[in-house]
2 protein chains.
Amino acid sequence: MGRAGKHPTISDVAERAGVSVPTVSRVLTGAARVSPAKREQVEAAIAELRFRPSAAARVLVSRKSRTIGVITGNTSRYGYAETIRGIEIAARAEGYTVMITVVESPDEDEVDRAVSATLTHALAGVVVLKFDPPGVAALQRLGDELPVVALSGTREAGVPQAVLDEAAAAEELTDHLLGLGHATVHHVRVPPSRRVDGRTTGWKRALRKAHAPVPPVFDATWDPRSGVAIGRALAADPDVTAVFCGNDEIAMGVMRGVAEAGKRVPEDLSVAGFDDHPLAELWSPPLTTAQQDFAGLGGRGFGLLLQAIDGTSDRRYSSERPKLVFRESTAAPKRR
Amino acid sequence: MGRAGKHPTISDVAERAGVSVPTVSRVLTGAARVSPAKREQVEAAIAELRFRPSAAARVLVSRKSRTIGVITGNTSRYGYAETIRGIEIAARAEGYTVMITVVESPDEDEVDRAVSATLTHALAGVVVLKFDPPGVAALQRLGDELPVVALSGTREAGVPQAVLDEAAAAEELTDHLLGLGHATVHHVRVPPSRRVDGRTTGWKRALRKAHAPVPPVFDATWDPRSGVAIGRALAADPDVTAVFCGNDEIAMGVMRGVAEAGKRVPEDLSVAGFDDHPLAELWSPPLTTAQQDFAGLGGRGFGLLLQAIDGTSDRRYSSERPKLVFRESTAAPKRR
DNA sequence: GTGAAAGCGCTAACAC
DNA sequence: GTGTTAGCGCTTTCAC
């Protein structure tokens, strides 16, 4: 039967349809009008041959790619995974494919490798998840060789970006705790991407505004278990009545530590999280938190990137504010 | 200053280094020996020009790609996200880049689009996450045009695959519950990828082996909240003393429903999950479950794919058994 | 509208 | 070892 297994090329299609190669190309790209008759012949030939154009050849000659890159720090943490999902869905809807590049540390070599991979592949553009130091470093190294959009929780100068206004939401959440009658609110921080962290900033702003004391910050890692020891320490301090955690998973760790220390949430201690993790509402007690639309963030980020690629618009910024969700993990403090 | 912004090509490098284009190519690929002197000149020119070879041109002529595809159903669910992370880490270590293609439904159009994207990009190979019907459909449609590896929880004929032996672990977990003195074990199933689901199969096998009655299965969705109503129903039935859930997130939903119905775990009801989700050990009470090494599964899958690509080996199968983790959500039933 | 010719940036094959 | 030549599969001029 001849060429079993071999992929047909555009000239196979042209031959079969009885037209020239450029005509097939025109049908494929829609770049120029083709007579209905020839168009039909070409489409028939494509279907019969199961022809698929080679992305490599197209990119090589047209210098236009339908693939975008995503540079990210960790693909499986909740916020990252959801953001990537949002990017992918938006990209897919526009016919783009997504290439993932993970950067685990801000080391020069690591970042260089990631940036090289991106540049080598002649991508249409890149979305950088700038939630952590590796993301920040990658962004800097990327230069202006191709369209780039950054995604994060804090506005910053430079490239176009989509953000979730963490500071505003953190401030509002702290206001809520203060409004319940707590003298102050303690804070457990997740690893910040830079010196200034939106969640911490908003928390501090609310305390200052209310003239409440600003207690020292507790630092957790990304591992929820790191919250357990912190929770125990917090429970042991009678001055602590309310805690705002950098994310829900840390809050869950903290609550476990509080429980191990024999205290109850929210009776002895109010705990608030951040993100609205899918398990936050199932936790006991259900967690008060700020709902972050990560998938939406990813979608807006891709939208911005698309505009940068097409040059159709010069919008460079998209911000959204997380919505607070009040559940049962926060309450008024006990009277003393 | 001339060509600002334009990417240098291999001939720019050749010119600058005073050698021919193929010599630069030899330095780049290491395909043939180059004299130390010329090699040095070439490397200097590459560094000065910040040259990066075009992946598109390379793929076009060599027909070898350093990009693999991952076809998956949902990138943000725990097991999927971890598996993808494992694939990416293993791929990165070998210099491969990962392209993600999401298939949300087993519809012909959806699957065709995903397969087309894969084929168009001339990938080195594809890893299919065959945990759900879309994955199964994609696998069938992929044909034998390029190396493919499937990842799942149940062994099956066909392409090379890496599996986590869910049935064995589920059986062992059910044995554990039965051994505690429960007359039987109820089961809440997550959406199965095919008619036969490893977790359900193992559960049933254990019950049959023990001559215990096989109660009707409860069907949950992937949303942990779907477990809540089921938990309430289970709590209302005095015959139910032990429940084995298809995954930890569903188990958490079930436990929430049980709590809402005023019953306690494990005193009134034992609940076991599956996966060892990062929050399982922080839950109250900490969850008895089967630890699945999803990242390891991804890594083994990539290893199998690499062998299929190189043809270095004809290993077609890699299986691992989840390890049971006994925590406090399971206990002996109350005496009646 | 359509075809002929050129060439994207690289590697493969073949001389020397 | 090294250079010359050819060509991967497409899109892009440019005639007609």
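In what follows, every chain begins at residue 1, and chains take the letters A, B, ... in the order their sequences are listed. Heavy atoms only: backbone and side chains are in, while hydrogens, waters and symmetry mates are out.
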(Q) How many whole angstroms separate atom CZ of Arg52(A) from atom P of dC8(D)? (A) 22 Å
Q | Phosphate-side-chain proximity, Ser20(B) and dG3(D), N/O vs OP1/OP2 below 4.0 Å | A | yes
Q) Which part of the nucleic acid, if any, lies within contact of Val59(B), taking any heavy atom under 4.0 Å across all strands shown: a base, the sugar-phosphate backbone alone, or nothing? A) nothing
Q: Taking only the side-chain nitrogens and oxygens of Arg58(A), find out if one of them lies under 4.0 Å from OP1 or OP2 of dC10(D).
A: no
Q. With side chains defined as the heavy atoms from C-beta onward, is the minimum distance between Val70(B) and Val126(B) less than 4.5 Å?
A. no
(Q) So, does Ser25(A) get its side chain near the phosphate of dT11(D), meaning an N or O under 4.0 Å from OP1 or OP2? (A) yes
Q) Whole-Å distance between dC8(C) C1' and Asp12(B) CG? A) 13 Å
(Q) Rounded to whole Å, how long is the line connecting atom CG of Leu119(B) with atom P of dG9(D)? (A) 15 Å
Q.
For Arg85(A), is there an ion pair with Glu88(A) - N to carboxylate O distance below 4.0 angstrom?
A. no
Q: Could you check how far CZ of Arg63(A) sits from P of dT12(D), rounded to whole Å?
A: 11 Å
Q: Identify which nucleotide among dT5(D), dG7(D), dG3(C) has an atom closest to any side-chain atom of Lys38(A), counting heavy atoms from C-beta outward.
A: dG3(C)
Q | dG1(D) phosphate, OP1 or OP2, under 4.0 Å from Ser35(B) side-chain N/O | A | no
Q) For dT11(D), does either OP1 or OP2 sit under 4.0 Å from a side-chain N or O belonging to Lys64(A)? A) no
Q: Working to the nearest 0.5 Å, report the span between CG of Leu297(B) and OG of Ser318(B).
A: 7.5 Å
Q.
Tell me if the CD atom of Glu15(A) is crowded by more than 12 foreign heavy atoms within 6.0 Å.
A. no
(Q) If I take atom CZ in residue Arg39(A) and atom P in nucleotide dT2(C), what distance separates them, rounded to the nearest angstrom? (A) 10 Å
Q. For Thr29(A), which contact category applies under a 4.0 Å heavy-atom criterion: base, sugar-phosphate, or nothing?
A. sugar-phosphate
Q | Thr9(B), nearest nucleotide to its side chain (from dC10(C), dA4(C), dC8(D)) | A | dC10(C)
Q) If you check the Val34(B) side chain, which of dG9(C), dG3(D), dT2(D) turns out closest? A) dT2(D)
(Q) Distance check needed: dG7(C) C1' versus Leu60(B) CG, whole Å only. (A) 12 Å
**Q.** Side-chain-base donor-acceptor pair under 3.5 Å for Arg26(B) and dG3(D)
**A.** yes
Q. Between atom CG in Leu49(A) and atom C1' in dG9(D), what is the gap in whole Å?
A. 14 Å
Q: Take atom CG of Asp314(B) as the centre, draw a 6.0 Å sphere, and report whether it contains more than 12 heavy atoms from other residues, nucleotides or ligands.
A: no
(Q) Tell me whether the side-chain N/O atoms of Thr23(B) come closer than 4.0 Å to OP1 or OP2 in dG3(D). (A) yes
**Q.** Among dT11(D), dG9(D), dC10(C), the nucleotide that comes nearest once only the side chain of Ala57(A) is considered
**A.** dG9(D)
(Q) Quick one, Arg66(A) with His121(B), criterion side chain to side chain contact (heavy atoms under 4.5 Å, CB included). Give me CA distance, side-chain angles, the key distance, then yes/no. (A) CA-CA 10 Å; Arg66(A) 297 287 267 179; His121(B) 282 279; over 6 Å; no
Q: Please figure out whether Ser62(B) or Gly18(B) has its closest DNA chain D nucleotide nearer the 5' end.
A: Gly18(B)
Q: Nearest whole angstrom, please: distance from the C1' of dC8(C) to the CD1 of Ile10(B).
A: 13 Å
